[in-house]
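Everything on this sheet refers to the single structure shown next.
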Amino acid sequence: MEYDFRSIEKKWQEYWAANRTFKAFEDSSKPKYYVLDMFPYPSGAGLHVGHPLGYIASDIFSRYKRLKGFNVLHPMGYDAFGLPAEQYAIQTGQHPEKTTTENVARYRQQLDRIGFSYDWDREVRTCDPEFYKWTQWAFLKMFSSWYDPEQEKARPIEELVARIEKTGYEDVTPEMWKSASEKEKSEILMRYRIAYQGETSVNWCEGLGTVLANDEVKDGLSVRGGFPVEQKKMTQWQLRVSAYAGRLLNSLDKLDWTDSLKEMQRNWIGKSDGTEIVFNTECDGRTKPVTIFTTRVDTIFGVTFMVIAPESDLALELTSSSQKDAVEAYIREVKKKTERERIAETKTVTGVFSGAYGINPLTGDRIPVWISEYVLAGYGTGAIMAVPAHDSRDYAFARKFNLPIVPIIEGCDVSTQSFDAKEGKMCNSGFLNGMDVKEAMEAAKDYVEEKGLGRRKTNYRLRDAIFSRQRYWGEPFPIYYKDGIACPVPEEELPLRLPEIDSYKPTGEAPLARAKDWTYKGYPLETSTMPGFAGSSAYYLRYMDPHNGEALVSGEADAYWRNVDLYIGGTEHATGHLIYSRFWNKFLFDLGYVCEDEPFRKLINQGMIQGRSNFVYRVVGTNTFVSAGLRKQYETTEIHVDINIVHNDRLDLEAFKAWRPEFAEAEFILENGEYVCGWAVEKMSKSMYNVVNPDVVCDTYGADTLRLYEMFLGPIEQSKPWDTKGIDGVNRFLKKFWRLFYDRDRFLVTDEKASAEELKSLHKLIRKEQEDIEAFSFNTTISAFMIAVNELTALKCCTREILEPLVILLSPFAPHISEELWSRLGHQESVAFASFPEFESSYVAEDNCTYPVSFNGRTRFSIDMPKSATPAEVEAYVRGLEQTDRYVGSQTIVKVIVVPGRIINIVVK
RNA sequence: GCCUUGGUGGUGAAAUGGUAGACACGAGGGACUUAAAAUCCCUUGGACAGAAAUGUCCGUGCGGGUUCGAUUCCCGCCCGAGGCACCA
């Protein structure tokens, strides 16, 4: 009986589905383990071989953990709201729900063919009202909470109201509150709510007709669609993510994520410790204190001017009547630029003098105030003190506008560039003179605080997330407007279902504004919808308790599953989803809805699988194609050819002729009787004919081969091109594995005792597999498997004692063939319920081993010693050779270095 | 510019201070077969010497350093990938 993967895989996939083999229960007798994949967006193109890379790795780990006695939660779902479905709806008029449902069905079919151990009873879809009910619920919780900086956590907004009524809060006094109208009260609270509405400069994308979050914009273009993005002041719903900046930064330390990813988040959060300090300014005889932020107060004696951001309200306030026209013209100029232009022009220095002067609070110097776009309104206070001698941006500005440059560090040369380094001795700096820069940085901060001129301040670059989108295919906001006041739709009324609309075409207004009766109790409902990251921010919690109608997750389910132990997905979510999820989770943690303050303990980023395109070379002006090796002799054009008609870079000529009508009469110039195609690594895409569908691999080789091959390709974290060159190797391995059990129709397995050598092979493998899986080095595990199977084949091993554990060991990697052989070994239950075999070192230990002996690193001869010999014993033996051995005897031994079981080196004079 | 990564045969890669290239692909040779497929065996980093067994030298992007010994650790450069980019 040959290894017939087709029938085997079909049989076991049906068995797993029918028996709910991988259904997870809350079982407190076992330790839990939660393995999660980043759920896919179900696009129309279907799954390609890149998607399953991470899914296979997580599935292997899940199955391994089950064998190790853990109760494993391994769910899957779909991130189903979002722009592509809506764009498609605009083009075709089809309801996004219809295309989404179709795409989901296709994804499911493709996923099932690969044999994943998902508990499909826990599937979630973000566009399902029963799911987005909880997205809306979380939003309402954020709406009715504020961030208490003293307790450093979110609290119900009622507590803030109580506090204002009693003692006042910040600049709101109890009297003000008492006399405030409903509308004014609403406006005051909006300044504190975690989910709030506020005017801000937003990324407006005309092409998509919506605003976008910072992580949805790259190089001034929208990530989806690549349309230009401009800055616009608009009133939008926002999430106060910035309040959590410090906590998001600090708890990174305890996460088991890669350093590069943590670093990306640290940069994105962008903490900087500095000082806020007040400069008095005067303008047309009026004075006004202006607070600036700096990380280098120590350079305050080198300040020669100040700069205000053009978007800042201060810009016009500090403009003198004589400079009014110039400043207004400059601000208009700046506003006109798109984000992309501003990025492109970062090297050009622009600015205008405001007409105002500031007073240096330490020196009393009178310095000019300028306005320039290199200062950002959204960071710090939107105003800076400029120290051209020690800041490269200030330096460029001072050079351009001929402002003085005063160095304050001894011996530095600022004739061609600024001296930014934090080293040297201070000079020209009053009481700081003679101090080391590092010392001066602290001394200056202390001084400013003591004199009451300013205070230490930590700033973050992380901005609040803009949460509304003027689109259709997203979660509606459970907010209605009563006399212009935003009011929450009561929780009991959730989900607030997405209404039907006649047409998806953008008309400049939000699509929901066209929906009939989009009202609550006669009041108009919010017409924006939530962004893509809303639904993906807490989905991992929903998997714990997916059918609960009363809560996002019950206290019991949450207390048992806690958080995700292993999360696998791409790095592209580093500054989006992975920040928002952490924020969302911390918020729910603050209110006591979840018991862990971080959602994902360990995170692995799988690399991208790129496409490997093939080319044929058409001789210009003919229908003749020349093989790649000979193309230099002709003038040719390169044409992408469908990789499905190329094998190992050799073109299937007949298939090529049949591929396109225009190639039916094609002629070929061959090398060695074959047509060799050129190749290149490119993004996997339809237009380059390099997309590999996993179904095709499953058809030709089987799912087990696909799984093994994707893992054998190299380390999971690494990006690499898809290349089926080596796939025959793992396929051969599976056939060999099968032949350990079957010689044609003869079942070979016996109950004989295993030999010492066979046991050694097995136990070496057990140890290696355990170590490698824990370290996520699946490619080396598979290598170890190949070695073991080759050894056992050579030994003609056929004992149950060896083969039974071997099947268990293979099952995480190639579950179908393992199930089949497991049942043929006479087991009634799935191999998933077996236990991982125990490693016993006694089988592996060798009696003797050979030490290569080298002198000063050069190998001379070898000695045989028992493996159990200690380094001291080996050394004593070698020194004993001094009398008899011609090498050792002729030299003076200085030192003998022994590494157990490996190598011995003798240092001689 | 800054941060994070990575650079090893024809190819994917292994080895994280101790015999570099495990394992696999591809290639070449052989066995079985009428033939093909499948399967199995041998060779396969480079150079040199030898009839052969075998031996010697070189070799992990480049240049230094630490060490008895470096792909691995340190310093400086070159190249590729990813991220951030007027954040004061």
Side-chain angles (χ1 to χ4, degrees), chain A residues 2 218-219 258-268 270-272 274-275 292-297 299 306-307 309 342-343 345-349 372-376 378-387 390-394 396-397 420 459-463 571-572 574-575 605 607-608 610 648-649 708-709 712-715 717-730 732-733 735-736 739 777 779-787 790 793-794 850-859 862 893-909:
Chain A
E2 286 301 305
K218 212 178 168 287
D219 297 329
T258 61
D259 289 337
S260 67
L261 200 93
K262 285 195 207 176
E263 204 52 36
M264 272 159 87
Q265 290 216 338
R266 284 195 191 102
N267 290 340
W268 190 259
K271 179 180 182 177
S272 77
T275 308
I292 62 100
F293 175 75
T294 178
T295 52
R296 297 289 305 272
V297 230
T299 61
M306 291 174 71
V307 188
R342 275 183 87 154
I343 289 166
E345 291 169 14
T346 49
K347 293 279 181 290
T348 31
V349 180
S372 171
E373 60 180 331
Y374 86 89
V375 173
L376 305 177
Y379 184 78
T381 60
I384 63 153
M385 64 178 210
V387 187
H390 303 291
D391 182 288
S392 56
R393 297 153 302 186
D394 296 344
F397 195 80
D420 293 17
N459 267 335
Y460 295 96
R461 281 158 66 177
L462 186 70
R463 310 292 166 82
T571 21
E572 66 271 22
T575 53
N605 297 115
M608 254 213 312
Q610 297 138 306
N648 285 335
D649 288 340
L708 280 170
Y709 188 58
F712 191 62
L713 222 44
E717 301 92 336
Q718 206 164 293
S719 285
K720 58 224 141 189
W722 176 257
D723 183 354
T724 47
K725 252 189 189 168
I727 202 165
D728 293 316
V730 287
R732 257 171 233 160
F733 160 75
K735 289 188 207 161
K736 254 188 215 176
R739 283 201 301 272
S777 176
N779 53 335
T780 52
T781 320
I782 296 169
S783 292
F785 242 108
M786 289 175 172
I787 294 168
N790 282 340
T793 305
T850 304
Y851 292 88
V853 178
S854 42
F855 289 85
N856 291 355
R858 292 177 166 229
T859 306
S862 339
I893 296 177
V894 176
K895 201 159 101 184
V896 178
I897 297 146
V898 180
V899 179
R902 299 294 305 235
I903 196 168
I904 181 166
N905 189 24
I906 300 169
V907 185
V908 294
K909 263 204 287 216

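Numbers restart at 1 for each chain; the letters A, B, ... are given by sequence-line order, proteins then strands. Reckoned from all heavy atoms, side chains included, excluding hydrogens, waters and symmetry mates.
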Find the distance Asp723(A):CG to G10(B):P and express it as a whole number of Å. 17 Å
At under 4.0 Å between heavy atoms, what does Pro715(A) touch on the DNA or RNA strands: base, sugar-phosphate, or nothing? sugar-phosphate
My understanding is that a pair needs two contacts under 3.5 Å, Watson-Crick or G-U wobble. By that rule, which nucleotide pairs with A15(B)? none
For the P atoms, the ones on A24(B) and on G76(B), what distance do you get once it is rounded to whole angstrom? 41 Å
Taking the P atom of each, how far is A27(B) from C77(B), in whole Å? 44 Å
Can you tell me if Gln265(A) touches the phosphate of C84(B), counting only side-chain N or O atoms and a distance under 4.0 Å to OP1 or OP2? no
By nearest nucleotide on RNA chain B, pick out whichever of Gly382(A) and Ala784(A) is the more 5' one. Ala784(A)
Give a yes/no answer on whether the side chain of Asn605(A) brings an N or O atom under 4.0 Å of OP1 or OP2 in U5(B). no
For G80(B), which nucleotide is its Watson-Crick or G-U wobble mate, given both distances must be under 3.5 Å? U5(B)
Is any side-chain nitrogen or oxygen of Asn779(A) closer than 4.0 Å to OP1 or OP2 of A14(B)? yes
Closer than 4.0 Å, any side-chain N/O of Arg461(A) to the OP1 or OP2 of C84(B)? no
For the P atoms, the ones on U72(B) and on U16(B), what distance do you get once it is rounded to whole angstrom? 13 Å
Closest-nucleotide ordering on RNA chain B, the 5'-leading residue of Ser783(A) and Phe293(A): Ser783(A)
With heavy atoms under 4.0 Å as the rule, sort Lys736(A) into base, sugar-phosphate or nothing. sugar-phosphate
Can you check whether Ser272(A) has a side-chain N or O nearer than 4.0 Å to OP1 or OP2 of A88(B)? yes
With a 4.0 Å limit, can you tell me whether Arg732(A) has a side-chain N or O closer than that to the phosphate oxygens OP1/OP2 of C25(B)? yes
In whole Å, what is the span from the CD atom of Glu263(A) to the C1' atom of G83(B)? 10 Å
Considering only the P atoms, how many Å lie between C58(B) and C3(B), rounded to the nearest integer? 38 Å
Students often get this wrong, so: under 4.0 angstrom with heavy atoms, is Arg739(A) touching a base, only sugar-phosphate, or nothing? sugar-phosphate
Is the shortest side-chain N/O distance from Tyr379(A) to OP1 or OP2 of A88(B) below 4.0 Å? yes
Indicate yes or no: at least one non-hydrogen side-chain atom of Leu713(A) is less than 4.5 angstrom from one of Lys720(A). yes
Send over the distance from Asp728(A) CG to A27(B) C1', rounded to a whole Å. 15 Å
Using Watson-Crick or G-U wobble geometry with both distances below 3.5 Å, tell me the partner of A38(B), or none. none
Partner of U56(B) by Watson-Crick or G-U wobble geometry, both contacts under 3.5 Å, or none? A47(B)
OH of Tyr709(A) to CZ of Phe733(A): how many Å apart, nearest 0.5 Å? 15.5 Å
G7(B) and A20(B): how far apart are their C1' atoms, nearest whole angstrom? 16 Å
Could you check how far CZ of Phe785(A) sits from P of A24(B), rounded to whole Å? 14 Å
From C86(B), C23(B), G83(B), pick the nucleotide closest to the side chain of Phe712(A)? C23(B)
Distance between P atoms of G83(B) and A88(B) (Å, rounded): 22 Å
Grab the two heavy atoms, one from Gly380(A) and one from Asn459(A), that are nearest each other, plus how far apart they are. CA-ND2, 3.4 Å
Counting only Watson-Crick or G-U wobble pairs whose two distances fall under 3.5 Å, which nucleotide matches A22(B)? none
For G17(B) and A70(B), measure between their P atoms and round to the nearest Å. 14 Å
Under 3.5 Å on both distances, the Watson-Crick or G-U partner of U72(B): none
If I take atom CD in residue Glu572(A) and atom C1' in nucleotide A81(B), what distance separates them, rounded to the nearest angstrom? 15 Å
Classify the nucleic acid contact of Leu713(A) as base, sugar-phosphate or nothing, counting any heavy atom under 4.0 Å across all strands shown. sugar-phosphate
For the side chain of Lys725(A), counting heavy atoms from C-beta on, which of C84(B), C25(B), A14(B) is nearest? C25(B)
Output the rounded distance in Å from CG (Leu261(A)) to C1' (G6(B)). 17 Å
Under a 3.5 Å cut-off for both contacts, is C86(B) paired Watson-Crick or G-U wobble with anything, and if yes, with which nucleotide? none
So, is G83(B) syn or anti if syn means the angle is within 90° of 0? anti
Please determine whether side-chain contact (heavy atoms from CB on, under 4.5 Å) holds for the pair Met306(A) and Ile292(A), giving the CA-CA distance in whole Å, both sets of side-chain angles, and the decisive distance to 0.1 Å. CA-CA 9 Å; Met306(A) 291 174 71; Ile292(A) 62 100; 3.9 Å; yes
Can you tell me how far apart OG1 (Thr275(A)) and CE (Met385(A)) are? Round to the nearest 0.5 Å. 8.5 Å
Do Ile384(A) and Asp394(A) come within less than 4.5 Å of each other through their side chains, counting heavy atoms only? yes
Going from CZ on Phe712(A) to OG1 on Thr780(A), what distance comes out if it is rounded to the nearest 0.5 angstrom? 10.0 Å
CG of Asp394(A) versus C1' of C86(B): gap in Å, rounded? 10 Å
Between P on G83(B) and CD on Glu717(A), what's the gap in Å once rounded to a whole number? 18 Å
Quote, to the nearest angstrom, the C1' distance that separates U8(B) from C23(B). 16 Å
Measure the acute angle between the ring planes of Phe397(A) and Tyr374(A), then classify it against the limits of 30° and 60° as parallel, tilted or perpendicular. tilted
Out of C3(B), C86(B), A13(B), which has the shortest distance to the side chain of Asn267(A)? C3(B)
